[in-house]
Amino acid sequence: MQRNRAVDISYFLLRIVAGLLFFQVGSMKLFGWFGGMPRGGTARLMSQVGVAGVLEVFGGFLIMLGLVTRPVAFILSGEMAVAYWQFHAPQGAWPILNQGQPAVLFCFIFLYMAAQGAGEWSLDALIRRKREALRV
């Protein structure tokens, strides 16, 4: 039983930190927060970077809450795969050479979350427990 609690806590922390980091990146792109984008300014909303910023702000927030985690994490995993292959891979074959390590890592963290779900410490789990209680 103790191991399950440690797994629940560590997965909760992974979800919070990954979501917060993603929220920060999106906020930098859309609102200029956290130091803003390189060369200043913000992304145009209907540009590829702007759409990525929207996914990162709202997706990161939903991941932190653990709300609709599976579909959101799947979309974010895909966003990171596109980011890697479009922006990093053309700069070199290996992530260490093309600075693509964060994109690869986020891609696989979110892919894992899409398969695993939000975990027990999440709004998804709270909603599930409330629905089960209503059925009884």
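Side-chain contact between L76 and M80: absent, with no pair of heavy atoms (C-beta onward) separated by less than 4.5 Å. Side-chain contact between I96 and Q101 is present, with heavy atoms from C-beta onward closer than 4.5 Å. By the 4.5 Å heavy-atom criterion applied to side chains, V72 and M113 are not counted as neighbours.
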message: Evaluate F22 against I63 for side-chain contact (heavy atoms from CB on, under 4.5 Å), listing each step before the verdict.
response: CA-CA 9 Å; F22 236 55; I63 291 290; over 6 Å; no
- request: Kindly indicate, with the supporting measurements, whether the criterion side-chain contact (heavy atoms from CB on, under 4.5 Å) is fulfilled by I127 and K130.
  value: CA-CA 5 Å; I127 291 166; K130 287 198 179 269; 5.8 Å; no
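In this structure, the separation between CZ on F74 and CD on E79 is 13.5 Å, given to the nearest 0.5 Å. Summarising the geometry, atom CH2 belonging to W33 is positioned 5.0 Å from atom CZ belonging to F23; distances are rounded to the nearest 0.5 Å. Rounding to the nearest 0.5 Å gives a distance of 9.5 Å between CG of L123 and CG of L62. Separating the CH2 atom in W121 from the CD1 atom in I9 is a distance of 4.0 Å, to the nearest 0.5 Å. One distance of note links CD of E56 with CE of M28; it measures 7.5 Å at 0.5 Å rounding. Taking CZ of R15 as the reference point, atom CG of L65 lies at 8.0 Å (rounded to 0.5 Å).
Pairing each heavy atom of N98 with each of G92, the nearest pair is ND2-O, 2.9 Å. Summarising the geometry of S122 relative to G66, their closest heavy-atom pair is CB-O, 3.7 Å, with the distance given to 0.1 Å. Between A18 and F106, the closest heavy-atom pair is O-CE2, 3.9 Å. A pairwise comparison of heavy atoms in W85 and P90 identifies O-CD, 3.3 Å as the closest pair. Closest non-hydrogen pair, A125 versus G119, comes out as CB-O, 3.4 Å. Across all non-hydrogen atoms, the minimal contact from M37 to V49 is CE-CG1, 4.2 Å.
Residues V51 and Y84 fall into different hydrophobic clusters, defined by Ile, Leu, Val, Met, Phe, Trp and Tyr side chains chained together at heavy-atom separations under 4.5 Å. Cluster annotation: V7 is not connected to Y112 through the hydrophobic network of ILVMFWY side chains, with a link wherever side-chain heavy atoms come within less than 4.5 Å. At a threshold of 4.5 Å between side-chain heavy atoms, the hydrophobic network of Ile, Leu, Val, Met, Phe, Trp and Tyr places I16 and L111 in two separate groups. Taken together through direct or relayed side-chain contacts under 4.5 Å among Ile, Leu, Val, Met, Phe, Trp and Tyr, L105 and V82 form parts of separate hydrophobic clusters. Under the 4.5 Å side-chain heavy-atom criterion for Ile, Leu, Val, Met, Phe, Trp and Tyr, V104 and L14 are members of distinct hydrophobic clusters.
A donor-acceptor pair under 3.5 Å links the side-chain atoms of R70 to the main chain of A115, judged by distance alone. Between the side chain of D124 and the backbone N or O of T69 there is at least one donor-acceptor pair closer than 3.5 Å.
Annotation for F58: atom CZ does not count as buried by contact number, only 12 or fewer foreign heavy atoms lying within 6.0 Å. Counted within 6.0 Å of CZ on F108, heavy atoms from surrounding residues, nucleotides or ligands total 12 or fewer; the atom is thus considered open.
In summary, of the residues considered (V57, V25, T42), a side chain to side chain contact (heavy atoms under 4.5 Å, CB included) with L30 occurs for V57 alone.
With salt bridges taken as basic N to acidic carboxylate O contacts below 4.0 Å, one links R128 and E120.
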